[in-house]
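Lettering of chains follows the sequences in order, A, B, ..., and the numbering in each one begins at 1.
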Amino acid sequence: MAESVLVDRFKQGYQAVFERNWPFWVGGVLLAFLGTLALAWGRPWGVAGGLRVWGDWFFYAIGLYEQAPGFSLFLSEPAVLTWGLLFGAFASALLSRQFSIQMAPNWELLKGFAGGILMGVGSVMSGGCNVGGFYTALAAGSISGFAMMVGLLLGALIGLKYLMWEMENVTVKPLKEKPASSGGVDWKKIQPWLGALCFLALILWAYGLSFQAYTEVGVLLLLGAAIGLVIQRVRFCFVRAFRDPFMTGEAVATRAVALSVMISFVGFMMIKWAGLQPEMTYVYHHWIGGLVGGAVFGVGMLLSGGCGSGSVWRAGEGQIKLIIAVIMFALSNSLFKHYIFTNQAAQAWGQPYFLPHAMGYFWAIILVCLVMTVWWAVMAWNEETDKLTMV
Amino acid sequence: MAEWTPDEVLDARGLSCPMPVLKTKKALKNLKPGQILEIQGTDPGTRNDLPAFAERSGDEFLGEEQRDGYMSFFVKKG
């Protein structure tokens, strides 16, 4: 008897974690916590850096680049953070029985293609995607984070205008989808086991890394996977923070991202002030880069429907449109960085700037919290009044 | 059998976030209060997004039904 109660309780717990989606603000708090841990451990969370490593290796493999990429495909910090995100989200989707290869109409695939390219190019200029260029950069005290925020808002507005135009003027042929044949296997029942297996594989991968004296990289892989789990269970989406207030008026995501930035900013400043990590960690790129890159990226994320992290976790869920976006993101980011916006070109746009160097740590924290509060307050006001809602 | 009889059907299968919600918003504009819209979709996120959207917009989310290979959602215009 006691056993069946235990099994029952376990089932309830499982449903609470993997059946229902977690509240958005929980995602904000957890991501801030995991991001701060990642910085303390070695490298703050970013997505575009890992995607670029994938792209670099692809072009090296086909002979376009002569030199081998500086970052290893499986043993470098940026690469494993994004591997972790992808496989963590994949495993989480399986555990939630939400994995399925999802085809999309051709027009949507084209939007994923174009959106991926714009995001790849934009993230080179701004020094990272929505995460690395805005979220983590701002938390790290880089002025470019503010600039990218403005750019992203601008890009989101332009992108939304386009989506509205598209709805009126482009007829997208609906997908004639046949129900996927499961070949007699109850696919939904197997998924959670496969998901658990996938998490086990990630842990073994990290364990294996520590045997090769790559413990630091292994832990980042697991942190990336934890981020993937959280982000998939919440369906956390940075795009929504920028887009939804103008689209449906909803500010749930905006609140969560603003809260998350405040928490991680305090966490990052503690680590930097205490000297655990150099002050200039993740502080780079001039504000022009953030602004221009953010706007280009913003249009791209509206087209594809996912930013850097959002595209990767949706790709892990099996959505073909976002898989295309991720591939194009990686390839265009690599090419643009390699041929056009090299490190020298980035320097010509100005110097990186660390916020506390201008005003001290105390006022930097006040300023960031103030800006986040204003962003939140304006969008919360709009939630009631719909003054800024365009659709 | 369907519990609700829709006055209008929106096929959003294969579309991912935000298109199902955006199209729902537009489709609801053309309905009269009390009329029911059925939204067919395949994006797992739509399951959270539509009830939240309906609550904010003053429409009523009636419920969902699992179909063969997709989900159907029912929203009554408020």
Q.
With chain B as the partner, which of A:Arg235, A:Gln98, A:Lys321, A:Glu166 has the greatest number of non-hydrogen pairs under 4.5 Å?
A. A:Arg235

Q | Which atoms of A:Arg20 approach chain B - backbone, side chain, both or neither, heavy atom under 4.5 Å | A | neither

Q) Would you say A:Phe113 has more than 12 foreign heavy atoms packed within less than 6.0 Å of its CZ? A) no

Q. Are B:Trp4 and B:Phe73 an aromatic pair by the rule of ring centers under 6.0 Å?
A. no

Q | Options B:Leu22, B:Asn48, B:Asp43, ranked by heavy-atom pairs under 4.5 Å with chain A, top entry | A | B:Leu22

Q: Would you mind telling me which of B:Lys23, B:Lys77, B:Gln35 makes a side chain to side chain contact (heavy atoms under 4.5 Å, CB included) with B:Leu28?
A: B:Lys77

(Q) Between B:Ser72 and B:Arg67, do the side chains contain a donor N or O and an acceptor N or O under 3.5 Å apart? (A) yes

Q) Relative to chain B, which of A:Gly249, A:Gly305, A:Gly310 shows the most heavy atom pairs under 4.5 Å? A) A:Gly249

Q) Name the one of A:Lys111, A:Met328, A:Glu108, A:Met119 that satisfies side chain to side chain contact (heavy atoms under 4.5 Å, CB included) with A:Ser304? A) A:Met119

Q) Which answer fits B:Lys29, side chain, backbone, both or neither, if we ask what part of it has an atom under 4.5 Å from a heavy atom of chain A? A) side chain

Q. Where on A:Ile320 is there a heavy atom nearer than 4.5 Å to chain B: the side chain, the backbone, both, or neither?
A. neither

Q | CG-CH2 distance between A:Leu30 and A:Trp22, expressed to the nearest 0.5 angstrom | A | 6.5 Å

Q) Under 6.0 Å from the CH2 atom of A:Trp193, do we count more than 12 heavy atoms belonging to anything else shown? A) no

Q) For the candidates A:Met164, A:Arg314, A:Gln319, A:Glu383, which exhibits the highest count of non-hydrogen atom pairs separated by less than 4.5 Å from chain B? A) A:Glu383

Q | CD (A:Glu384) with more than 12 external heavy atoms under 6.0 Å | A | no

**Q.** Contacting moiety of A:Asp244, where chain B heavy atoms sit under 4.5 Å
**A.** neither

Q.
Given heavy-atom pairs under 4.5 angstrom as the criterion, report whether the side chain, backbone, both or neither of A:Glu250 touches chain B.
A. both

Q.
Can you tell me which portion of A:Glu317 sits under 4.5 Å from chain B's heavy atoms? Options are side chain, backbone, both or neither.
A. side chain

Q.
Counting heavy-atom pairs under 4.5 Å with chain B, which one of A:Leu322, A:Asn21, A:Leu302 comes out on top?
A. A:Asn21

